[in-house]
Structures are given as structure tokens and as C-alpha cells.
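Presented below is the structure to which this report refers.
Here is the naming used below: chain letters follow the sequence lines, and residue numbers restart at 1 for every chain.
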Amino acid sequence: MTNVIETETLTKSFGGMTAVSGTSFSVEPGTIVGLIGPNGSGKTTTLNLLNGAIAPDQGTIRVQGENLAGKSSTAFVKAGVTRTFQNPRVFSTVTAMENLLVPVLHTRGGKAGFTKKAEELLETVGLLGHRDTPASELSGGQQKLLEFVRALMTDPHIVLMDEPFAGVHPSVKEVMREAIVERNKAGTAFMIVSHEIPDLTRLCSRIICMSDGQVIAEGTPGEVTSHPLVIEAYLGQGPASRGERG
Amino acid sequence: MNTEATAVSVTAPELALNDITAGYFANDIVLESVSMTVRPGNVTVVLGPNGSGKSTSLRVMSGFLRPRTGTVTLDGQDISTTSPADRLRLGIATLPQGRSVFPDLSVDENLRLGAWQLRNDKGRLNDAVDAMLERYPKLKPLRTRLAGSLSGGQARLLEFARTLILEPSVLLIDEPSVGLAPVLVDDVYNELERLKDEGRTILLVDQNVQAAIGLADQVYTLAYGKNHLQGARDSFEGQLDDLIKQWLNL
Amino acid sequence: MNEIVQSLINGALLGGVYGGLAMGLSLLLGVLRIVNLAHSAVLIFGALLYWQFVNGFGLDPLLMIAPVVLIAYLFGLGVHRGVTQYLTRESDSTVMLAFFGLMIILESIAIMIWTTDTKTVALGYLSGVIRIGDLNIPVSRVVAAAITLVVLVALHFFLTRTLTGSAIRGMAQNRDVAAMVGINVEKLSRRVFGAGIALAAFGGTVLSLVSSFSPQEHTRWLAWAFLVVILGGLGSAMRTLVAGIAVGIFETVVGLLIPFQYTYLALYALLAVALLIRNEGLGGIKQRTI
Amino acid sequence: MAETTDLDKDAKRNSDVALAQAKAASAGVRKAPWWVTPLVAVAIFAIIAPMGGILGLGAVTTLTTVLYYTVIAQGWNLLGGYGGYLNFGAAVFAGTGAYTAAWLNSEFEWTLWQTLIPAAFAAAFVSLIVGFATLRLRSHYFAIFTLVLTFLALVVVKNWPALGGAIGLFTDVEGDFSSRGLAILFFYVLFGLAILATVIAYFVEHSNFGYALRAISEDEPAAQVLGVKTTSVKLRALLIGAALGGLAGAVYAFFTGYIEPAGTFSLDLALDIVLVCVIGGMRSWLGPLIGSIIVVLLEQILRVVVPNLHLFGLDIPAETNRLVLGVLLLIFALFIRRGVVGLFVQRRGRVVSV
């Protein structure tokens, strides 16, 4: 079976600084993959590359077997890749329902069908009561949930999530977790960037750890969190690696 | 303000966060009842998993984020509502995270802007610039280069120089090694060590746990926006692996 | 042959003035990210005020530039206090609507005071023509271009050689870090805004030395200024000057080739082409994607 | 990394805005039921409908102007209001329509009805050219470009002999009409077009297309990432708006019987249309309708009242009208962002924190 996403030697630098350097990894259909790493290790850049928000300097990004490197985000959405943002980017003056309809604007099909689907999705995260509430009046956590279900409107094969648990109340976190698990059971794959590693380890079947733009460890949550390279990455370089101090 | 070129720590003030609650968004609290003290002449290190509120604490100290409740004090005096510029005048200087040079200004101009508060005293301003070029001789040949064309290491040096040019009494340093190649991280830590040896008062936030602990006199750790552990360096060394494992599996 | 040399000289002199025309727009857009839709209205207001001093009160044309510019600067500080400072956190649309409103206000006041008649500044002792061989060069044009040159070069040195100039450019590059090194960005912004308005009025005074003008048709000068800004980029006095001269030469050369009234078309075509080609080139202007 | 900080800054600003909006909303009025706005619109049209036959000539002409503005403003509002891409060249599209109609009428004796469709097409065609050159750019550039475009249109038409040059073109309505009959005819033609434009605006607001436009005005990059074809959406909005402007312009050409460049391509129309939408409310399909009524009535009042004012023994010049309108625009832009409609119809829900 083809992987949902498969990258090879993906590289991206900004003004001389290499943010992602030759990373290769893959996400199998229907899995939840966590992406961790210290600050500045290239996680968000990777996410931006994987949905076409930025184009890689080199390397391939295969979505369902087709190389989309260099294509626009529209192509990625079409191929079944959607995403959420670290700070939720909902359209604040339009209602929750209207937010959900944005991704399917260019999709054929009756509006009634989409409205029904949107209602069902809002229901899954307990936002149906806010169907007609402008998104600006939702709390930060609710905006994250809204953004999450918005990403599901196009029935993606994979959802890329940037820090879904950061800065939200534990109860919202729980709703988010359950919604992800539920959706995953239906076959949708996830790739989740998070600093909240304990939350990730409960959710993911596999975790990828990046450091300095490269994948340094990959495996089950248990394997990765006890991997010496990972611990070293989070520890930083000790005095020992810097030689004698003056 | 310190006028001596070599900072003398004994006269440095004590900067403290007292029971601070703060956050960026309406519904989100990043810091909850956080307290910490930056003692004169000490290197105080703040550690914690990503997102635990380390950088936010620093922003509250530098004045770029107003606390919702709690106070920031400098030698007991409440400076919670003092603007960043005025805090700079009080001797609290910040070295922010990431690249902060003005890319389209020359190295020289970047340095001079660091000494903006001396703008009406050209003599002192020039002396301060010369002193920094003396301190960082590597910058000398680069004076006319645009800061945006510097390498990562050179830019960091420039940022150090620009932060030190007013001889601040307290230095707030945010994640100085993020995004730097390993060789350059060494340079940064060598520089931090020099600052420590000069007896400067420093608050250091870094994810490079081992290196930061190596410098620390006093350590605070945060978890989920709250104070977690605190103590002298000795009480932390040796348990670092456990600490990290704890963060990863909390 | 002489005709070509003549128009090159004319074009270059005119273009120098165009550089002056565009500088205020470029400064406000480059440093404060403000689209001053009222730019050309300020420009014409400056020209009319100048006309009032020179023609109305019979004052010296060279000496009267400074007071006009000073009045505009003070006016700019007032507008910043009354309008612009409320807009710092607003969307671009709101800012543009407000400045469109300001444009209408200035235009109406100008028409109320000076009517819609086309005005020509009495050049007095600047009205001669310099003859070199077959070439005829109006003194007023030389003077206007020379004054613009002096002002833009002075501005260039101010922006690049003084600490305040560095602070202004630094603020344009990173406002947060500028505040971090202790620059009072609010105060500096106010002064830069004042300077942008003053430069617009200055553009009006030098324009009035080379062309007649009327308060109704000021947007044509906005088009010119806009074109110069697109070609020259933002916030640099020297590049604005060079772009202005390029536009001036283009205009006069095109004027040789096609009937006069169609030069506008050619300039607009140039504007459209410049927009299409340079849409990536203007640092910081094109909206960043994620 | 620079890009991340930028995003953060955006988010921070957005959240501040959101907070302010939430505050404003919670202090605001109760939410009106959904049928209130349609009811208001229907009531307005129902009240206006018989007026053509009832009122005197002057009043009918005033109402005709209201309807003329409604058509153009509804079209303008699609991209300018919902999409956030301000267009200061409303006169260009209406003028294109007017000149197309006048030319077809004076040259080939086409009737008013025959010229409507070509006028709409001509305006749409011009908008396509403008859109291609500018809509991929930031809204700044689009705005400035449209502002200076009016002047270009003026110059082009002035120097186009077939369009009558600086003199202009005359139009003639076929058939024998009394002046009152003519007034009634134009009134009802524009009445029909105003309803058409309003219905279009209503459906756009409640369609995917409308959501896309609002998404663009709020966060264009995010909309793009979600798969919205932003350029195409903007272009379509401009096109529909221009076509409506062209239709209105065509009727206007017959209405006045004579058009000339300076009057047709002036910034006055752009100001009026922007003002109509800003005062009425740029985020509502009802805004342009209400705004047209307010602005036209206001202008009438100013026209009648101002010349008769003698403050301190001074004569108040006629340009005071525009001065007042400019001040009004400034005030609304600074303080009353959502316009008159926004004051009464708050979109509002409960503020709930988790």
C-alpha cells in the first residue's frame, strides 16, 4: 500500500540557514505519527513543506505516490493533505459554520450536503451549539477545535497538526484527543507536531524526532523517548562535547 | 547606569518576578504564579520543556509582556509597568531569541543603535562602540558589512555586542543557541562563560540543558507555566538525564 | 540629433522633479507601511500654498519653499496625532479609507480656497532660458531639479549617515528590536510621518516650478509618484531619484515618438508592466505567504 | 526563524482584534433574528416601488439616483466590502458602461435595452484587464492602481474621437416620452437593476463564493492553504461588480441624455460609492442599499442647505458638500467600522470560555 506521505532528501534553507536538511520519512495510511524535536529543529518548516505553503529547495514529497514538491497548496489540498496552525487561523468575523465551508468552496456538490457534513463535524467536537457564532467569540481552545474540524471538511487522507495541544485547557485537550482518535479509526492519517510529548506518546503509534533539521530517531513512543540521541538533543551539548573549558 | 567598562557585580541590582500570571491571548495563561529572583553577580538559568513558559518569563522581565497579576521588581522597586526602553535605562538589557540584527544596516550602524540612549553624547557613544569592537575584535573588519550578510556566528557576536554596549547591570538572554550550528553553540557558550567570569548578572533561558547548567549558579525549572524545581546548580547536576526523561514522559 | 539631446536633458530635469514627487510616498510606505492615498492631495496643497506665497503675496520663489515644507511638516504631525495614531493596529483597508477621506477633505478645501482654475507659478527671475548651442533649457527646470537633487541627497545622507537615520531604517526593518534598543518608536514614527507629508508638499513646490497644476487633477501626480515608487523601491532617496529620472526620460522620449496625449497611455502601460514584473521585487511589500 | 515570528505576530494582532470584537459584541445589541434584514430590504423596495408614480419630478430623480448608487455600490461591495480589496475607480467601470451605451446609441441607434448587455460586457472586459495586472498583488497596489486609473480613463476617452473627445456623446431614448414619462422609465429600469444587484449581493453573501471573499479579506494566506483559489475568486468578484457598474452606467448615459469625459470619469462617483458602502456597512448586503439612501439624501440636504447658510456673514462655497462627505468618511473609517447596518444588526452569539 502506498504511503500517504513519503519524503526523500527534503531540504529547505532560509537565508543561509538550513532549517530542514535532507530528511526522509514516510507516513503509512491510517497511522498517527508524532513529530518532536527541540525548538528550531525544523518541525514547523517540515509541516509547511508538507502542505505546499513553502517549496523545498530540493527533494521529493510524494502524496499517495505522486510527487508534489514545488506545487501550490491547492494541489496538496486536492491530493488530500490539510493542516492546522499553531496559533489557530480561523476567519474570525464569519461564523463557525461558514469557516467550515471555506475548504469545500471549489468542490462540486450540493451546499446542503456540505452543511450537513459541517454540522456533523461540529457535533463531534461539541461546537454544534456555536454553529452561527462568529469565530472571534469562541475561546482559544474552541478556535483550535474549529480549525481542526475545518481541516476535515475535504475528507483528507492526512491532517498535519501544528501544536494542537499548546495553550489549551485540559478539557479541550481531551475533546481534541478523542476527535483525533475517532477520525483515525475511520482511516485518516495524522502527523502531529507537539511539544507536549506525554500527550503525543499516548496518541501516536510512531514518533519521529528531529534535531538540526534532520531525523535523528524514529520508532514507537517508548523507543524514541528513551533513545540516547533524543535525550541528547533535548539536553543540548554538554561541556564534555565542547572540550576543555577555559 | 554603570559607567565603568568592566561591570562590577556587587553594585548590580536584584531583579525578581513575584507571583506572576501572564499570557498572550485572552483565554490563555502561559505563566501561573511564577516567582523567581535574579541575584546580583549570579547566572540564573531557567529550564523547562518547550512551552513551559521560559521565554515568557523573560519577556515579562524585559517589559515586552505586561503581567496580568504579580509584580516585577528591581531592588524591591516595582517596575511592572515600566516600558522596555525605561528598563533599558535602568540597566536591564535583553538579547532576544533568534536573529535580531537589523539586516539592512551595517555592523557599525547596528552597534550604534545599541547605544541609542547615548545619542546626545557623541564622545561617549564613540567610546562605547570602540570598546565593543575592542571586546569583539572579530567584528572590526566587518564594520561596513551589512548585518544581513553576516554568518550566523558573526551575527550572534554582533547581537552580544549590541546588547552589552550600554554596559547593562542585568542581562536577559533568551535561547542564545537556538538554530545555530554546533560549532557556533560552542562560541556562544564560551562568550557566556566570559560574561559569567566578569561577574555579570545574567538570566539565561536555554533549551541546551547541559551547557546552561554548566554555567548556572542558580537554577529554576518550569513545567506547564508553573514553578517546578529550584535550587543551586549542584543539586541539579547528575540528575539531568532523569530530568529530561521526566519531561519526555511526564 | 539635437532634438534627442534636448529631450534627454528635459527628461532628466523633469525626472529629477519626479523623484521629489515620489519621495514622501516612498518614505511612508517603506518605513511606516502606510499607503498615503492623500499623497497627491498634499502635493497639490503644497503647490497651491506656494503659489499663494509667490503669486498672491509676491514673495521670493526660492525662499518660499522652506515655509511651505515646514507648514506641511506641522500639518503632518497634527494628522498623526488626530488620525494616523489610531490606525497603527488597523487593517490596510481601514488605513486606506481614512486616507482617502483625508484626500477628499484636502481637495475640497483646496478648491474652496483656490477654485478649480489651473495655476501657474510666476517664475520671476527664474523664468529665463539657458541657451547652449541649439539647446534651450529653462532656468526654472534646472532650478527645480537642482533643489530636488540637493534635498534628496541631503535626505540620503541623513538616512544613511546619521544615527537617527539608522534608527529610522532600523525601525522599518524590525520595529520590535528597535524598541528593544531603546528607540521611542512612537515618537520617531510621528516625525517620519511628518517628514513624509512635508516631502509630499515639497514635491508640490518643485512641481509647480515646471508645470501648471489644478486641484482637481491631482491624482495624475499620484500615478507618477506611484510609478516612481514601484520602479525605485521603498525608502531609498537615491533609488527614488534614479527612478524619477528614468520616468522623466521615458516620458520625454516617448513624447517624441507618439502624439503628446498618448504619453499617458505609455506611462500607464509602463506602470502595469512594472507591477507585473516587480511584484516579487519590492521587499516586504508583497504579502508573505505562510 | 523569521517566518515563524511573523506568523506569531499576525496571530497576536488577530487575537487582539478578536478580543476587541468580542468585547464590542458583548456590549452590543441583542442579535436580530435572521429574517430582519431581508424584511428591511423588502420593505424598502416596497416603499420605493410606487414612488415613481406618486412623487414629483425632482423627488423621483433623487430616488433614481439612490437606485443608481445602489446598483453600483452592491457591485463594488463584493470585492471591496467582502473581499477587502478597496477599489477607488468605481467611475471607470460605470463610465465604460455609459460610454459603450452612448456610443452604440449615437452611432448605431441601439436602444437602451439593446445596449445594456454590451455595456455590462465592456465594463467586465475592462475589469479583467485591471484585475490581471493587479489582483495578484497586495490590496495596497490594487487600491492605488484603481485610484489613478480614473485619470487614465479620462485621458483616453478625451483623446478618442469616436467617443466624442472632450465634447462627449448624446443619447436619445426611442419613442415619445414626456419628461415625466422618461423620469418614470429610468426610475423603474434602475429599480429593477437595484433589485437584481441586491439579490446578487444577498446570494453572494450567503454562498461559498461570499465565504471565500470574506476568508480572503481576513487571512488570505490561510485561505490559500485551505485550497481557496484566491486570485480567481477576487477576479470574479471584480468582474461581477464591474458588470453591475456597467449596467448602471448605461442607464445613466440615457438618463442624463449627454455624457462627457470630465463628468463621467471623476473621483466624485468613487467617493460617493465608497461612502455609500462605508456608511451603510461593508460586510452586509443591506449596507449599500441603506448607505445609498443616506448618502443621496445627505447630499440633497447639503446641496439645498449649504448655499443658504451665511455663517458670520460669509458665503459657504458649494465644495463644502464634499468636505462634509470626506469628514464623514474619515469618521466612519476611524470609529464606525461596521456602518449603520452594523449598529443595528449585530452578528452575535454567546461568549463562552471552556
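- Proximity to chain C (any heavy atom under 4.5 Å) is restricted, for D:T134, to the side chain, taken from C-beta onward.
- Between the CE atom of D:M282 and the CG atom of C:L97 there is a distance of 5.5 Å, given to the nearest 0.5 Å.
- A donor-acceptor contact shorter than 3.5 Å is absent between the side chain of C:S108 and the backbone of D:T320.
- In terms of heavy-atom pairs under 4.5 Å with chain C, the best-connected choice from D:V155, D:L271, D:V156 is D:L271.
- When heavy atoms are compared at a cutoff of 4.5 Å, C:V95 does not approach chain D at all.
- To the nearest 0.5 Å, atoms CZ (D:R322) and CD (C:E107) are separated by 4.5 Å.
- At a 4.5 Å heavy-atom cutoff, D:F332 makes no contact with chain C through either its backbone or its side chain.
- Atom CG of C:L227 is separated from atom CZ of D:F145 by 10.5 Å, given to the nearest 0.5 angstrom.
- The choice from D:L330, D:N159, D:L334 that makes the most heavy-atom pairs within less than 4.5 Å of chain C is D:N159.
- For C:I258, the CD1 atom sits in a packed shell: over 12 heavy atoms of surrounding residues, nucleotides or ligands are nearer than 6.0 Å.
- At a 4.5 Å heavy-atom cutoff, the contact between D:V327 and chain C is made by backbone and side-chain atoms alike.
- D:L152 touches chain C through backbone and side chain together, each having a heavy atom under 4.5 Å away.
- Using cut-offs of 30° and 60° for the angle between ring planes, the C:F100 and D:F88 rings count as tilted.
- For D:L323, the parts lying under 4.5 angstrom from a heavy atom of chain C are both the backbone and the side chain.
- Neither the backbone nor the side chain of C:Q216 comes within contact range of chain D, judged by heavy atoms closer than 4.5 Å.
- Of the inter-residue distances, the one linking C:M103 atom CE with D:L329 atom CG reads 10.0 Å to the nearest 0.5 angstrom.
- To the nearest 0.5 Å, the span separating CD1 on C:I104 from CG on D:D268 amounts to 7.5 Å.
- Of all the listed residues (C:F226, C:W224, C:F99), the one sharing the greatest number of non-hydrogen pairs under 4.5 Å with chain D is C:F226.
- A heavy-atom distance below 4.5 Å is found between the side chains of D:V148 and C:Y268.
- Between C:R220 atom CZ and D:L154 atom CG the span is 10.5 Å, to the nearest 0.5 Å.
- At a threshold of 4.5 Å between non-hydrogen side-chain atoms, the residues C:L37 and D:L147 count as touching.
- Neither the backbone nor the side chain of C:L267 has a heavy atom closer than 4.5 Å to any heavy atom of chain D.
- The minimum heavy-atom distance linking D:G84 with C:S93 is given by the pair O-OG, 3.3 Å.
- Heavy-atom neighbours of D:F125 CZ from other residues, nucleotides or ligands within 6.0 Å: at or below the threshold of 12.
- Under the 3.5 Å distance criterion, the side-chain polar atoms of D:Y141 are left unmatched by any main-chain donor or acceptor of C:I230.
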